[in-house]
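Everything below concerns the one structure shown next.
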Amino acid sequence: MTDTHHSDDPTDADSEPKTDGGRVYHEAPETAPISDRPLPERLRAAVPSGPRALRYAIAIGVALLWLVPLVGLFMASVRPLDQIIQGWWNFETFTVTFENYARAWTFQSGPMRQAMWNTAIVTIPSVLAVTLLGTMVAYPFARFDFPVKKGLFFLLIVVMAAPPELVAMGNYNTLRNTGLFDTYMGLILVHIGWGMGWVVMFLRNFLLGLPEELEEAARIDGASRYQIFKSIVLPYSAPALVSVAVIQFTWVWNSFFFPLVFMRSRENQLAPQVLPLMKGRLQIDWGLVAAGSVLTMIVPILLFVTLQRYYKQGMVAAVAD
């Protein structure tokens with residue numbers, strides 16, 4: 001008997017089951033299925049429930065609390081002082097100018113151009129060194145067993161929890177005695193030592209999720225510990241390393257206390273040290289201060305926007321492990 005049934009749906013031919021070695025599978029349709037529910041019903045289904053709507057409202061409120069000051073800072077940086085003296089939200093007259101940025105870039109008491117360059121000289125080596133050294137220290141804590149393992153890890157946690165003022169005097173005397181006071185290298189070493197605690201803890205938690213089978217397979221193939229670290233541990237840790245680099249970069253770039261204590265020469269001042277000088281003595285030029293603040297924070301923001309995908313992966317994996 002001949003089957004004379006013909007389907008009116010042109011997609012039925014593509015969705016018929018096929019066999020492959022006794023297994024039945026269906027090919028994916030070329031287009032997404034169209035919902036047969038009416039539009040009002042789909043809109044009602046898209047409306048969040050009461051608890052979820054409350055969470056959305058809280059999240060949006062917190063985002064606005066952070067966003068509104070940033071918008072005000074930017075608006076103050078691109079408008080003349082006489083237009084923002086009554087508040088940046090006053091739009092009776094609105095003039096856009098980049099004069100504040102030009103004055104901040106070449107500010108007499110501390111040009112932001114030189115200050116940002118000095119900050120980069122300190123920040124980039126500090127981030128690279130603490131990221132690499134932190135990985136080398138975190139890997140033994142995550143994988144090996146040795147007699148003083150718990151004690152050393154507890155010491156790292158204590159150092160991380162201590163306030164920077166607690167060790168400032170000791171670092172001050174050390175840098176004075178070694179001739180590294182008021183030098184880039186001295187400040188870089190301080191940032192490396194101060195950042196090692198949290199970096200080791202963060203990377204250790206991430207590396208605990210590294211499957212031991214990968215290392216065992218590499219050892220069976222004759223790989224050394226160095227080869228395993230270079231070819232397996234470092235590539236696996238890429239998201240966590242990016243997260244560490246972004247956070248450490250932000251902390252070092254925005255650090256005010258350590259440069260204030262260890263850097264005294266005007267030509268060596270960093271961006272956070274220059275910003276307070278822009279206030280003036282008799283009257284605060286808010287446009288100039290706002291422009292300097294935007295110039296200072298634009299670099300960490302661009303870095304985060306560029307690497308946010310890897311940053312999120314590293315943060316989620318480190319917390320989950």
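Keep in mind the model is a prediction, meaning the values are calculated, not measured.
- Within the 4.5 Å cutoff, no side-chain heavy atoms of Gln227 are placed close to those of Ile232.
- Residues Glu215 and Phe229 are not in side-chain contact: their nearest non-hydrogen atoms beyond the backbone lie 4.5 Å or more apart.
- Geometrically, Arg204 does not engage Phe141 in a cation-pi contact defined by less than 6.0 Å to the ring centre and at most 45° from the axis.
- Contact check on Asp285 versus Arg103 returns a salt bridge, with a Lys/Arg side-chain nitrogen under 4.0 Å from an Asp/Glu carboxylate oxygen.
- Using bins of under 30°, 30° to 60° and over 60° for the plane-to-plane angle, the ring pair Phe249/Trp253 lands in the parallel bin.
- Linking ILVMFWY residues whenever their side-chain heavy atoms come closer than 4.5 Å, directly or via other members, places Phe94 and Trp89 in the same cluster.
- The aromatic rings of His191 and Phe258 sit perpendicular, their planes meeting at an angle over 60°, well past the 30° parallel limit.
- Within the 4.5 Å cutoff, side-chain heavy atoms of Thr296 are placed close to those of Met112.
- A donor-acceptor contact closer than 3.5 angstrom is absent between the side chains of Asn100 and Ser77.
- Hydrophobic clustering (side-chain heavy atoms under 4.5 Å, transitive across Ile, Leu, Val, Met, Phe, Trp, Tyr) keeps Leu260 apart from Val289.
- Using modelled atom types and a 3.5 Å distance limit, the side chains of Gln83 and Thr95 yield a donor-acceptor pair.
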Given the rule in the side chain to side chain contact (heavy atoms under 4.5 Å, CB included) test, do Val199 and Thr131 qualify, once you have shown the distances and angles that lead to the verdict?
CA-CA 7 Å; Val199 170; Thr131 302; 5.9 Å; no
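- With hydrogens and angles disregarded, no donor-acceptor distance shorter than 3.5 Å links the side chain of Asp182 to the backbone of Met263.
- Heavy-atom minimum distance, Phe74 versus Val294: CA-CG2, 4.4 Å.
- By the 4.5 Å heavy-atom criterion applied to side chains, Leu270 and Val274 are not counted as neighbours.
- With salt bridges taken as basic N to acidic carboxylate O contacts below 4.0 Å, none links Glu99 and Arg79.
- Side-chain atoms of Phe256 and Pro276, non-hydrogen and from C-beta on, do get closer than 4.5 Å to each other.
- Hydrophobic clustering (ILVMFWY, side-chain heavy atoms < 4.5 Å, transitive): Val299 and Leu302 are in one cluster.
- Side-chain atoms of Ser237 never come within 3.5 Å of backbone atoms of Ala240 as a donor-acceptor pair (strictly under, hydrogens ignored).
- Inter-residue side-chain proximity for Leu189 and Trp194 is flagged as unmet; no heavy-atom pair is nearer than 4.5 Å.
- Within the 4.5 Å cutoff, the side chain of Phe304 has no heavy atoms near those of the Thr250 side chain.
- Residues Val244 and Leu203 form a side-chain contact, since some pair of their non-hydrogen atoms from C-beta on lies under 4.5 Å apart.
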